[in-house]
Peer 1: 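One structure, pasted below without further comment.
Remember, predicted model here, so these are calculated numbers, not experimental data. We name chains A, B, ... by the order of the sequence lines, and we start the count at 1 in each one.
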Amino acid sequence: MPAASPDHLPGNPALSETPGGRLITESQFEVSFDSVTADTVADEITPHRVVKKLGVGFWIAVGFLVLLTSMAILAPYLPFVDEPNATDFLLQAEAGPSYEHWMGVDAIGRDVFSRVVWGARVSLSIAALTVAFGLAIGGVVGLTAGFYGGLYEKISVGSLDIMLAFPPLILALALVSFLSEPGTQNATLFTVTLTLTVLTVPAFARIARATTLGFAQREFVQASRTLGATKGRVLLRDIFPNVVPPMLSFALIVVAIVIVGEGTLSFLGLSVSSPTPTWGSLINDGRDYLDSAPHISLFPCLIMFLTLLAFNYVGDVLRRRFDVKEVSL
Amino acid sequence: MRYVLTKVVQLVIVLLAVSFLTFSFLKLLEWRTGVGPEIAILGTGVGNEEAVAEVRGDLNLDDPYFVQYGRWLGNAVTLDLGESYANNSSVSELIGNAFPKTALLMFYAMFFSLLISVPLGIISAYRADGVFDKVAGTTAFGFLSVPTFIFGVLLVYLFALELRWLPATGYVTFTENPWEHVRHMILPVTALMVGQIAVYTRLLRTDMISTLQEDYISVARAKGMPNRRILLKHAFRPSSFSLLTVAAINVGTLIGGSVVIEQIFAINGMGTLIVSSIFKRDYLVIQGCVLIIAIVFVTANFLVDILYAYLDPRIRHARSVS
C-alpha cells in the first residue's frame, strides 16, 4: 500500500459509506478499492463491531418479508384476497377499513388490501427479476474485470462508469420512453425490467470487481496459483465462492432500491399498465381521494414503507457481517 | 495543475460519451419500434409524406450515422436541440422555461438539507451512541426507507389537506410574491430534502467519529482547547470534504426526486416537461432534457472534484507522488 494513499487520511474512509457512492472519481475509487484488502477495511473503517447475533429486529423483518412474499405468490388461492378488480357493490364507495375489507375499498369499491397484495406481485417480481439479471451480468463483468485486468478491465469499467454519468431516474425515464413500443401508453413488464437491470449492473459489477481484487491478493489464492491451478479454476473455485456472500447481502439493498425505482415509474404512470395494480399506481390513483378517503393511498404507502424498511434492515445487518461498502445505484 | 488538466480531459471524454449515448437513444427507438425515428416522432398512421420528409431533413437522417451525430452535437453546442413536434416550439425554449424552477427547487433542498444535517451529524458524532445519536440514527434509517413520492403524498395529506396550513400545489415566483413563493415551496422542498438530510447526517457522523480518533484531536484536547473549537475547526473541516463530494453526487438523486415532486405539487419544471413529453411521445424534448441534465450533473461533479483538490492539497499531492 503506497504511503501517500489518501485512505489513511482522516477525511477519506467515510467515502466508503457514501450512500450514493456513484461516480466516485477514478483516483478515489482506485485507492479505496484496489489497495485495501477486505480485512484491513474491516479493521480500519467499520466503526461497528461485527454483530454476532442477528437480533430480534432482523427476524421480525425477515418474517414480514416471508409473509408478504408468500401472500404475493399465493394471492390467487388465498380466501381472504379478492380478485384485484372485483367490485363490492354492496358497500359504499371509498368506505374505510372494516371486517370485510381490512384496508377499506377504493373509489369504485375495489378492496384495497387485495390490490396491495396483487401490487406486491408486480413490485416483487420485477425486483426479483431485475436483481437476478443484475447480479448475473454485473457479477460476471466485475469478476472477470477484476481477475483478468488489463484493457478488458479498463473498457468494461469505463463503459459502466459512463452510465453513472446519468442521474439514475433520468436514465430510467429515458430508457422507458425510448424502449416502449408504439401504441401502448404504458411500458411493458419487459421494458421496465430491462431498464432497471441496466441501472443495477454497474453497482453489482463494482462490488464484484472490488471484492475480487481484494481476494486475488490473499494467501490462499496465491497458494492455489503456486500449486499450478489454472486461471479458470482459481476464479471459479477460490474467488467466486468468496464474492457471492457480499454480493447477496448487497442484493437485498438493491431489491429495496429497485422497488423504489419501479414504484416511482408506476407512480408517474410509466410502469405496467392499469388495471393491473402496482404499489406506485395505487398510491398515485389514491391521491385524488386523499381528502375524502385517505386510506386508499395511505395503506399502500404504509405497506411499501414497511417492505423497504425490512429489506434495508436485513440488508444492513448482513452487510455488516460480510462488510460490503455501500455503493448504491 | 496536472491534476486539473487530467480532470478536464476526463470531463471532455465523459461529456462526449454521454452526448453520444443520448444521441443514440433514437437508435434504441428504431430497434424497439422497427420504424425510423421520423415515423415514431410523428406517430404511426401519419401518411403525410411531406411531414415525414421534413422531419427526416431536420434530423439529417440521410447522412451516415457519425455525420448525424456530429451535426447534432454541433447544434447542441449552440443550444439548438431541435423542434418539439408536439408543442410547436423549440426544445431549448421549453427547457429554458422549465429549468430555472427545477434548479431553484434543488438549490433550496440542497442548501437546507446541509444546513440541518451538519449540526445533527456533529452532535451525533460528538456523543456517539448517546441518546441523541441513537434517536437521530434510527430516524435517519427510517427516513431512508421512505421513497420521495410517498413523502410528498404524506406531506400533502398532513399539511395541505388535514391541517390546511400550506397550499398543496402550484408555483409562485419570488418576484411575484415573496411570501406566497415561500409558502408554496415549503412542502416540495421538505419532501425533497428529508432523504438527503438522512444521508448527510449518517455520512458526517461516521466520518467525524473516525476523525475524532485521530492523534491531532487528542493533542488539541490535551492543550485544553474548548470542545466547540475542536469540533468545528479541527474535526469538521476534513469531514466537510467528503460531505461536499457526496453532495455533488446527490445532485443526481435530487434531480430524480424533483421529477416526482414536480408531479405531485404541479410545478412546471424539467421533471414535468420530461414526463409530459414521454406521454406525448415528443422524443426530441426527452432527448434534450436528458442531455442538459446529464451535462449539469457531470459538470457539477467535475467542479466539486476541482474544488476538492483546491481545498485539500493532499489530493493534488497523492497524484504526483504515485
Peer 1: Side chain, backbone, both or neither: which part of A/Phe311 has a heavy atom under 4.5 Å from chain B?
Peer 2: neither

Peer 1: Roughly how far, to the nearest 0.5 Å, is the CD1 atom of B/Ile264 from the CZ atom of B/Phe151?
Peer 2: 11.5 Å

Peer 1: Heavy-atom distance under 4.5 Å to chain B: side chain of A/Ile259, backbone, both or neither?
Peer 2: neither

Peer 1: Tell me, for A/Phe267 versus chain B, whether the close heavy atoms (under 4.5 Å) come from the side chain, the backbone, both or neither.
Peer 2: side chain

Peer 1: Report the C-alpha separation of B/Thr102 and B/Glu262 in whole Å, then their side-chain angles, then the decisive distance to 0.1 Å, and conclude whether the side chain to side chain donor-acceptor pair (under 3.5 Å) test is met.
Peer 2: CA-CA 8 Å; B/Thr102 305; B/Glu262 284 170 18; 2.7 Å; yes

Peer 1: Would you mind checking which part of B/Val18 comes under 4.5 Å of any heavy atom in chain A, side chain (CB onward), backbone (N, CA, C, O), both or neither?
Peer 2: both

Peer 1: For residues A/Tyr289 and A/Ile296, report the shortest heavy-atom separation together with the two atoms involved.
Peer 2: CB-CD1, 4.0 Å

Peer 1: Charged N to carboxylate O below 4.0 Å: is that the case for A/Asp161 and A/Lys154?
Peer 2: no

Peer 1: What distance separates B/Leu203 CG from B/Leu243 CG, expressed to the nearest 0.5 Å?
Peer 2: 6.0 Å

Peer 1: Check each atom of A/Ser297 against the heavy atoms of chain B and say whether the ones under 4.5 Å are side chain, backbone, both or neither.
Peer 2: side chain

Peer 1: Which one of B/Trp31, B/Phe302, B/Phe141 has the most heavy-atom pairs closer than 4.5 Å to chain A?
Peer 2: B/Phe141

Peer 1: Given a strict heavy-atom distance threshold of 4.5 Å, which part of B/Leu28 is in contact with chain A: side chain, backbone, both, or neither?
Peer 2: both

